[in-house]
Amino acid sequence: MIKFVFFVNKQVMTKKEYIEKLTNLIINRVRFHAPIVTDEEVDFALLEVVGIDPALPLFKFEKPLDSLFYAAFCKAKEEVEFNLLLTSKPLVSDRRIKEMKNTLVLLEEEMGSILHASIEALNINYRSHTKFTSEINEDYIALNGQKITLDYIPYYLYKKGSNSSVMYEISEFILNGKNFLLSLTNPYKQNRTLEFEINVILPRGYYIFHNDGESVEIQNLCNKDKAYFNYNLKGAKFNFSCVSGLESSTHACINLKLKIDLRPLEQKKLYFNYGENKYVFDSPREALNFFKMSQTKMNEIFDLQVQTKDKKFDDLFNRYIPQNIWLSWLKNTIDEESENFYLKTRENIAKNIDGSMQINEGFEGLKEVRFFRNLGWKRVFIVQSENRYLFANKVKYFNFTLLTKEIFSKNKEIYLSFGS
């Protein structure tokens, strides 16, 4: 609950300064504090009936609203949107209350038990530390307190190394959300203990978290969307706030910490997923197969590579543009400029004609085009000749340059001439 005094550093504040301080505290409360939701069901329909917008934060104010707080709330509402619920009779006129957007007077004795429980569950104005700082603002994996920087390899992030005599391999990839695959090995004849931590930043919002021991259900309280953080281990400790000093925050995260004991020569494999579905793999082999599926899926998306006389263009199209797009997907964002460039350039190199591919013979400097088909790369070499032909499987097709599904299925190497 917000409490204020008129003294700062033993000096009396002016009325203007006091209102400004109240305003800032209210704004910070809305911007940083998420509700501490109990296990009780929230009746969103009932909230709407009484005039509370479930898509906005709910600020419950129990003191009688006087002119100072009225001024502060008015200024705060100019900066941030929220429901203001007054549960004591205001000391300002009804007219002034009605002029405040998303403001409702509802006395405690007027509430039924269901409405009261729903309001308490969504209230952001609860007792908490007055001082808090944003400490966690990035996705990371840490071993013994040391954050591990993963390197980009198409199409995943990877790092292999050692920490406190424990060998590790870490992969991060995309498929049905964001995935992490880890292998920890103790190569020595002594026991080893490793402090493991993983942090995944959530989009800004208001959430409720339910942990059943295998996955954390993440529900957005405003739009009711759900996501899951799936894990395959026991004894993990969780934190869901990026802000120290707050039990719950609009700056939310999934932060997992665990002490891992490794016997001599023991290897442990860990798997985590953050996505829209709840599932747990029964074995490390399943997680590894899932990783392989992700790579196949990415190659099917970025299914065209080229070699031209311009190496800078080759690097741009084959590596850097797909990398920019993929890294944006990893961060739940879209690199629209890179995606548009890739799609337009791809269409300019080769067009899809009823499932077959036709390479643009006017594309300057083209030496080789690689297509990902049938779980493998098919190489099409552009050769110089007076004749127009396609050569594959020891057969030369004159005046024919269309790459059909049948040709792709039977050949890994194809030679193509557009004639002189």
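Below, each value reflects all heavy atoms present in this structure, side chains not excepted, and no hydrogens, waters or symmetry copies. Quick note: residue numbers are just sequence positions, from 1.
At least one test fails for Lys257 against the ring of Phe238: distance under 6.0 Å to the centre or angle within 45° of the axis.
Partners of Glu214 by side chain to side chain donor-acceptor pair (under 3.5 Å), not counting sequence neighbours: none found. Taking the salt bridge (Lys or Arg N to Asp or Glu O under 4.0 Å) definition, one finds that Arg192 meets it with nothing, sequence neighbours left out. Judged as a ring-ring contact (aromatic ring centres under 6.0 Å, His included), and not counting sequence neighbours, the contacts of Phe371 are Phe408. Residues satisfying the ring-ring contact (aromatic ring centres under 6.0 Å, His included) criterion with Tyr274, sequence neighbours excluded, are absent altogether. A search for side chain to side chain donor-acceptor pair (under 3.5 Å) contacts involving Glu48 returns nothing, not counting sequence neighbours. The side chain to side chain contact (heavy atoms under 4.5 Å, CB included) check on Glu99 picks up Tyr70, Arg95, with sequence neighbours excluded. With sequence neighbours excluded, no residue satisfies salt bridge (Lys or Arg N to Asp or Glu O under 4.0 Å) with Lys160. Legend: residues meeting salt bridge (Lys or Arg N to Asp or Glu O under 4.0 Å) with Glu406, ordered by chain and number and at least two apart, are Lys410. Glu217 meets the salt bridge (Lys or Arg N to Asp or Glu O under 4.0 Å) test with Lys226; sequence neighbours excluded.
Across every non-hydrogen atom of Ser409 and Asn374, the tightest pair is CA-OD1, 3.7 Å. Residue Ala121 comes nearest to Pro35 through the heavy atom pair O-CB, 3.3 Å, listed as atom of the first residue, atom of the second, then distance.
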Less than 3.5 Å apart, which donor and acceptor atoms pair up between the side chains of residues 259-268 and the rest of the protein, not counting sequence neighbours?
from: Asp261; atom 1: OD1; to: Thr193; atom 2: OG1; distance (Å): 2.9
from: Glu266; atom 1: OE1; to: Arg263; atom 2: N; distance (Å): 2.7
from: Gln267; atom 1: NE2; to: Ser183; atom 2: OG; distance (Å): 3.2
from: Gln267; atom 1: NE2; to: Thr185; atom 2: OG1; distance (Å): 3.2
from: Lys268; atom 1: NZ; to: Asp261; atom 2: O; distance (Å): 2.8

What donor-acceptor contacts under 3.5 angstrom involve side-chain atoms of residues 292-302, with partners at least two apart or in another chain?
from: Ser294; atom 1: OG; to: Phe291; atom 2: O; distance (Å): 2.5
from: Gln295; atom 1: OE1; to: Tyr155; atom 2: N; distance (Å): 2.9
from: Gln295; atom 1: NE2; to: Tyr155; atom 2: O; distance (Å): 3.2
from: Thr296; atom 1: OG1; to: Lys292; atom 2: O; distance (Å): 3.2
from: Asn299; atom 1: ND2; to: Gln295; atom 2: O; distance (Å): 3.3

In residues 169-176, what donor-acceptor pairs under 3.5 Å come from side-chain atoms, sequence neighbours left out?
from: Glu169; atom 1: OE1; to: Tyr158; atom 2: OH; distance (Å): 2.6

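There is a side-chain donor-acceptor pair under 3.5 Å between Asn144 and Asn163. Side-chain contact annotation: Asn255 with Asn199, donor-acceptor N/O pair under 3.5 Å present. Gln358 and Thr401 form a side-chain donor-acceptor contact under 3.5 Å, judged by distance and modelled atom types alone. Tyr231 and Asn211 form a side-chain donor-acceptor contact under 3.5 Å, judged by distance and modelled atom types alone.
Checked by atom type and distance alone, the side chain of Ser215 never pairs as donor or acceptor with a backbone atom of Lys278 at under 3.5 Å. In this structure a side-chain-to-backbone donor-acceptor pair under 3.5 Å is missing from Asn393 to Val395. For Thr250 (side chain) and His33 (main-chain N/O), no donor-acceptor pair under 3.5 Å exists by modelled atom type.
Taking the six-membered ring where the residue is Trp, Phe313 and Phe363 present tilted rings, their angle falling between 30° and 60°.
The pair Arg370-Asp303 does not count as a salt bridge, with every side-chain nitrogen at least 4.0 angstrom from each carboxylate oxygen.
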Side chain to side chain donor-acceptor pair (under 3.5 Å) assessment of Asn179 paired with Asn273: CA-CA 4 Å; Asn179 304 271; Asn273 165 269; 2.8 Å; yes
